[in-house]
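We count residues from 1, following the sequence as given.
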Amino acid sequence: MWGRRECLPVVALVLVLATGAARAFLATQLNTTDPDIAGILCPDQATEVTRDHEWITREAVRRNIRDFFLAYPPGGRPDFLLPADATLTELFHTYYGETASPTRFIKAVNSIVAANVQADSLPQYRFDPAIHGDGERLSEVQAKLVTRYPQILTAILRDEAYPAARSLLGTSLHSIQKFYAHSTWIEQGHDSILEALGIPGNEMEGLANDAEDVCTSCSSAEGCSGNVIAGAGLSSGYYVYPEDSASSYLVPKPETGGKCSHGGVLDDSRSQPAVGGVNKDTSYPCFSPHYHLHLEAVQLALQATDYYLKQVLQAVGADMYRRLFDLYEGSALSICIDTTGSMGDDIAAVQDQVAQIVANSNPEIYVLAPYNDPSVGPLLKTDDSEEFLAAVNALTAGGGGDEPEKFWSGLQLALSATPAYGDIFCFTDASAKDGDLMESLISLAQQQNNKVTVILSDIYRRKNTGEDYAPGELDREEESDRTRDVNTGVAEYQRLADETGGLLISTDKFNVDDIVNIIGAGIETASVTILNLVEVTGTEEKLVPVDDSIVDLEVRLTGSLTSAIFTDVTGISYDLMDRASLEATGVVEVVSYTTTFKAVRWPTPVYGEWTISTVGADSYSVTVLATSPIDFLAGFSVLDPNPPHPHYQPIDGRPLMETVYYLDLTLVGYLEGDVITLDTIYYVDKAGEELRAIPYSGELADHLYIRTEPLPEESFFLVISGHVSTGKRYQRVQVVLITPVSTSVEVRATSEDLSARPGESTTAVFVVTNYGLTSYFDISGTDDLGFLTTVTPARVHLATNESAEVVASFTVPTSALSGSVSTVVVTAQSESQTRSVNSAVAHFVVLSTVDDSEPPICKMLDWSNCTGYTDNGICSLSSWTLDASLQDIGSGLYQVRAQPTGEVFEVTDLTPGTTSEVLTVYENSCCYPYVELIGVDGQANVGKCVVDMGPLGGMIYKCVCRYDLQVCVSAGMIYKCVCLQV
C-alpha cells in the first residue's frame, strides 16, 4: 500500500506518524426527533448506536490521556492506577486531586473537537475532497495531511502556540477518522489501521486506477453489502449533491458503471451505476448503505486517532504534550503592567510582593507583558520562577508623559502568551490611547476564556474629579499606522472586566498586599462561580445554593457598598462590612479587605441555601465563588441539515438577539459531584434577574445539545441549576458576559491556511455578512506578531443579508522563525449600531524555508556502564554516563531532550535552527539503566539515540527503522541494523 522503506543510519530515528482521510461519520450527534433530521436519518430503521466525530475524538482522547497518565504517573506513586472507564474529569481528578479544576483540560479537548467539527462547517473545508477523501481523492488527502503535520508540531515545539496546534490537529483528526467510514479499507478485509497514512516520504500505492471497476450495483440504494469487488484497488465513493457553493469542489461520478457512490439520501449519484454506496457514516440504512459496518469503522477511527496522538507525544515530549491538553494544576501568572513615568510607586509595590505571589501559588507559566509609550514589551513567557522574578525586579518607570497610554497593546501582548482559562492582571494608572484594538481583544479574551482584572490607582481619583478622558473620545492626531487614536477610560476597563469575568479594582494608590491572595487564587483556578452580580446599584437580595461538593466558599465585593450581609442556612449572619466581627468568628478567612474591594472565605461552609443582601448607592459588584468539581462549558450552535453532513454548527462571534439556538453544553465533574439532575438553564442579567428559563428533563451526559429559548435583547450570563444526590440544589454561572447583537456580522476566513515563508507576502480573504439593518461597517484587523499590513476595504456598505469580501495582506519578515504563529483578529463594526460588532480569530503560521524529511543524527561519543551494580540492592551506589552529539544539517535542530531526564542532563551550543553539532552530557543512577536522547529539527523530524544497560552490564544499542516501526536490537555495540519489511 505504501512505497519506500529504509533503515536509518545507526542511532538515528525519524518520528513515524499516522493520519488519514475520507469524509466519514456525522460531525456531531443529532436529535433524531427534529423533523429536519428525521427524514434524513430514518432513526426507526437503526439497529445499533451511531457515533459521530465529536464522540470519537473525545473517546480517543480519553483513552490516550489515560495511557499518558499511566506512563507518567504522579510523583511518588509508582503504583498509580486508573479505572479503564474513567471519564475525562475523573481521569484529571484522580491524577491531580479532587480540588483541582479540569475545566482548562476539558476546554482544550473541546477546542480540538470544535476544529474537527468545523471541517464539516467552514466553506474552505466542508466540500473539499482533499479533506474528506470523496471521489477517489485519497492521494490528495495524503498530500494535505503530510503538509499539515509539521505545522502542528512546529506550532508546539517552536512557538508553543497551543490554540493554533489544537486547531490544526482537529482538522487532521477529522480526515483520519473519515478514512475508515468513506474508503473501502474495511471492505477490503482490513481489521487494523493504516499506520503509514500521512507520513512524509511515502506515496500511496494500491489505489484503484481511473478505469478500474471497484463496485457492483446493489439491488437497492438503501442498505447493501457485498458490492465492493474483491481484489479491487483502494477507493472511495463519489458524492454529488445540489449545492452552489460546492460546485467547484465536487467530483462527478464517472459513467463507467463500476465506480462506487458515497450513497445515502443526500447523494444524487446513488442511483447512478454502480447503484448504492459505501459510506459507513451512521447506523441508519437510508443515510449509510454500509450501515452494518459503522461500528467497525468507529473502532478503527478510535485506534487511528489514539495512534496519531501518540506520534504527536513522541515528537513534542511529555511536558509540551501536557500543555497541548492543559494538563496541570496551576494556570498562568500573567501580569500586564504600565511602565510609564507615573507608575514608579506602583511598580515598586508589585516588585515588593511578586515573590510572595510566586511562593504562595503554583503557576505553570509565568507571563510578563510590560508596556510603555510608544514601545511595548519585551514579552517574557517562562516556566522558570527565578527568571520571572528577575524580569519583574528589572522593571523601571519612565517615558510616557502624554497620558493616555498604550494599555490595549500591552493586553494584546499578554493575551498572545497566556493559555486558555488563565487570568490576566493589568496594572495601570492611566487611560488608554489605542482603543481601536478594544473590540478585537475583548473577543479574543472571551474566546480564550481569559479573565482580565484591571487594577487602577490614580485614574480612579481623576475619574471622580472629572479629569479622566471621556469614553470613546477621539484624538485626531496620527500615530504610526493608525489614522487616529481612540481613547478609552474607566468605563471601557469596566466593560473589559465585566465581559471577561474579571474584576475592576480601584484605589487612590493600590497596595499589592490587598490583592496578592486574589492573584494566587486566579492562578490555581480551581474555583467555580455560584453567583455573579455586575454593576448593580441599590438593594439586592439573592439566594446562594451551597451544595455538598463545595469547599472554600468565597464572597468578593467590588465598589462602594453601605451594607453587605451573608446569612447561612442555619440563620447565622455575617456582616461583610465589619472586618473585626468577621475575624472574630473563627470560621471565616479575610482574604482581602480594602475600601473598594473585599474578599471573604468560608473554608468549610454549611450546606444549604444561603442568602446575600447588599446595599450601595453607587455601582458595585458581587461574586460568590467556591471550589467544586461541578462546572460547565457552553456555547451556541445552529442546526445545519444540508449536505454533505448534517450537524450542529458552532457560531462564531456574538449571537443574534431573539434567535433560537442549540446550547452546546459540556457538564464537567457531574459524576464526581454526585449530580442527579440538570433541571434548568437560565439567562440572567447583570443583576441576576431571570430573563429566560429553559427546562431540561433529559438524561445527563458529558456533552449535550439543548434547544434554547429566543435570546434576550439584554446582555446576560448563562446559569445552570439542578440537584445533587442529597437533594440539595447546585447552581453554576458562566462568567463570560454574552451580548446578543441586533445585527449579526459574520466574519470568516475563506483561506484554508493562513501561512507564508519568511520574506514572503500573502493575502487571505475574509467574508463579512450583514444579517440585519443596512449600515456602513468599519473593518479593522490586528495580529500579535505584526505580520498583518492592511485590511481592505476598511469600510463597506452592506444591506440586509448582503456580504462583502475584505482582503487581509500579510508580510512575514525574513527574520521570522518557521513555526511561529501569529493570532489574527478581524473585526467588523456597524457605524450606526454600537451593538452590531463581531470578530473572527484565526492563526497565521510561518512555514519552513527548507524542505527537509531527514531526521537529526545522534552519535554516541563516550559512555560508562553499570557492570557490578546491576542488582536492585546495590544499583543506587553507582551511576552511569553518556556523552553524545546531535546534528541536523537540513532545517536545523530546535529541541534536544532526554527521557527520562536523569540526575544530570546538560546541553551545550543549542540555538534554535543550528546546523552545528550539539553536545550533551547525561548521567543517571544505575537503578535507571535506560535513556532516549531525542533531537527534533525544524520540520519536526525526530532522531534519537536509545541506550539500554543490559542485565549483565553490557550495552544494548538500538536503532529504529524509519517507516517499518520494527526495532532492530543487538547486544553490545552494533554498527548496522537490518530492518524487516512490515
Side-chain angles (χ1 to χ4, degrees), residues 28-29 31 54 58 87-89 101-115 117-118 326 420-421 443 445-451 498-501 525 527-532 534 625 628-639 647-657 659-670 673 675 677-686 688 690-696 698-712 714-722 730-741:
T28 65
Q29 59 177 296
N31 179 4
E54 282 189 336
R58 285 195 174 91
T87 66
L88 290 170
T89 54
S101 172
T103 304
R104 292 187 309 273
F105 167 48
I106 301 300
K107 176 64 175 177
V109 175
N110 283 358
S111 297
I112 296 170
V113 170
V117 171
Q118 283 183 323
D326 274 349
Y421 282 89
S443 292
Q446 288 182 323
Q447 184 188 74
Q448 296 182 173
N449 291 98
N450 295 131
K451 295 180 183 178
D498 291 348
E499 296 201 9
T500 63
T525 62
S527 63
V528 299
T529 303
I530 303 172
L531 180 71
N532 197 41
V534 176
L625 307 155
S628 167
I630 304 171
D631 202 359
F632 76 104
L633 302 172
F636 293 102
S637 295
V638 294
L639 174 63
H647 65 290
Y648 295 115
Q649 177 179 339
I651 67 166
D652 290 322
R654 295 182 171 94
L656 284 168
M657 60 179 63
T659 300
V660 174
Y661 291 99
Y662 286 86
L663 187 66
D664 183 352
L665 184 69
T666 301
L667 293 177
V668 178
Y670 72 98
V675 171
T677 64
L678 168 64
D679 299 329
T680 312
I681 297 103
Y682 296 99
Y683 304 157
V684 302
D685 65 14
K686 290 183 176 182
E690 179 185 316
L691 301 173
R692 301 283 193 277
I694 306 162
Y696 179 77
E699 295 183 356
L700 296 176
D702 291 337
H703 194 243
L704 302 167
Y705 285 98
I706 301 173
R707 194 174 187 274
T708 73
E709 293 294 317
L711 299 195
E714 301 94 329
S715 297
F716 65 92
F717 297 105
L718 277 171
V719 180
I720 66 169
S721 180
Y730 70 88
Q731 179 174 291
R732 299 293 183 267
V733 182
Q734 183 172 275
V735 294
V736 172
L737 185 66
I738 299 169
T739 303
V741 291

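Considering every non-hydrogen atom in both Y662 and T708, the closest pair reads C-CG2, 4.2 Å. The two atoms that bring N450 and T500 nearest to each other are O-CB, 3.4 Å, heavy atoms only. Nearest approach of R692 to P712, heavy atoms of both residues: NH2-CA, 3.6 Å. Nearest heavy atoms, K686 versus F717: CA-CE1, 4.1 Å. Contact detail for S715 and L691: the closest heavy-atom pair is O-CD1, 4.1 Å. Of all non-hydrogen atoms in Y696 and I706, the two that sit nearest each other are CD1-CD1, 3.7 Å.
Counting heavy atoms from C-beta on, the side chains of P102 and V668 come closer than 4.5 Å. A heavy-atom distance below 4.5 Å is not found between the side chains of V675 and L667. Side-chain atoms of Y730 and I720, non-hydrogen and from C-beta on, do get closer than 4.5 Å to each other. Side-chain contact between L633 and I106: present, with at least one pair of heavy atoms (C-beta onward) separated by less than 4.5 Å. Looking only at side-chain heavy atoms (C-beta outward), F105 and T89 stay at 4.5 Å or farther from each other. For the pair L718/F632, a side-chain contact is recorded, criterion being any heavy-atom separation below 4.5 Å from C-beta on. Looking at K107 and D326, their side chains never come closer than 4.5 Å, going by heavy atoms from C-beta outward.
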When you look at R58 and D702, which way does the side chain to side chain contact (heavy atoms under 4.5 Å, CB included) test go after all the steps?
CA-CA 10 Å; R58 285 195 174 91; D702 291 337; 5.7 Å; no
Let's go through V736 and N449 carefully: what are the C-alpha distance in whole Å and the side-chain angles of both, what is the deciding distance for side chain to side chain contact (heavy atoms under 4.5 Å, CB included) to 0.1 Å, and is it a yes or a no?
CA-CA 8 Å; V736 172; N449 291 98; 3.9 Å; yes
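Relative ring orientation between Y661 and F636 is described as tilted, the plane-to-plane angle lying within the 30° to 60° band.
Using modelled atom types and a 3.5 Å distance limit, the side chains of Y648 and E54 yield no donor-acceptor pair. With hydrogens and angles left out, the side-chain atoms of S101 and D631 include no donor and acceptor closer than 3.5 Å.
Taking CZ of F716 as the reference point, atom CG of L711 lies at 5.0 Å (rounded to 0.5 Å). Between the CD atom in Q731 and the OH atom in Y682 there is a gap of 8.0 Å [rounded to 0.5 Å]. Within the model, atoms CG of L665 and CD of Q734 stand 9.0 Å from one another, a figure rounded to the nearest 0.5 Å. Atoms NE2 and OG1, from H703 and T666 in turn, are 4.0 Å apart once rounded to the nearest 0.5 Å. Distance check: R732 CZ to T529 OG1 gives 9.5 Å after rounding to the nearest 0.5 Å. Residue T680 holds its OG1 atom at 9.5 Å from CD1 of I694, rounded to the nearest 0.5 Å.
Of the possible donor and acceptor atoms, none in the side chain of Q649 sits under 3.5 Å from a partner among the backbone N and O of V638. The closest donor-acceptor contact from the side chain of S721 to the backbone of L678 lies at 3.5 Å or more, if one exists at all. No side-chain donor-acceptor contact under 3.5 Å links S111 to the backbone of V109. The backbone N or O of I738 lies less than 3.5 Å from no partner atom in the side chain of Q446, so there is not a single donor-acceptor pair. Proximity of a side-chain donor or acceptor of S628 to a complementary backbone N or O of I630 within less than 3.5 Å is detected. Of the possible polar contacts, none joining the R707 side chain to the V660 backbone as a donor-acceptor pair under 3.5 Å is found.
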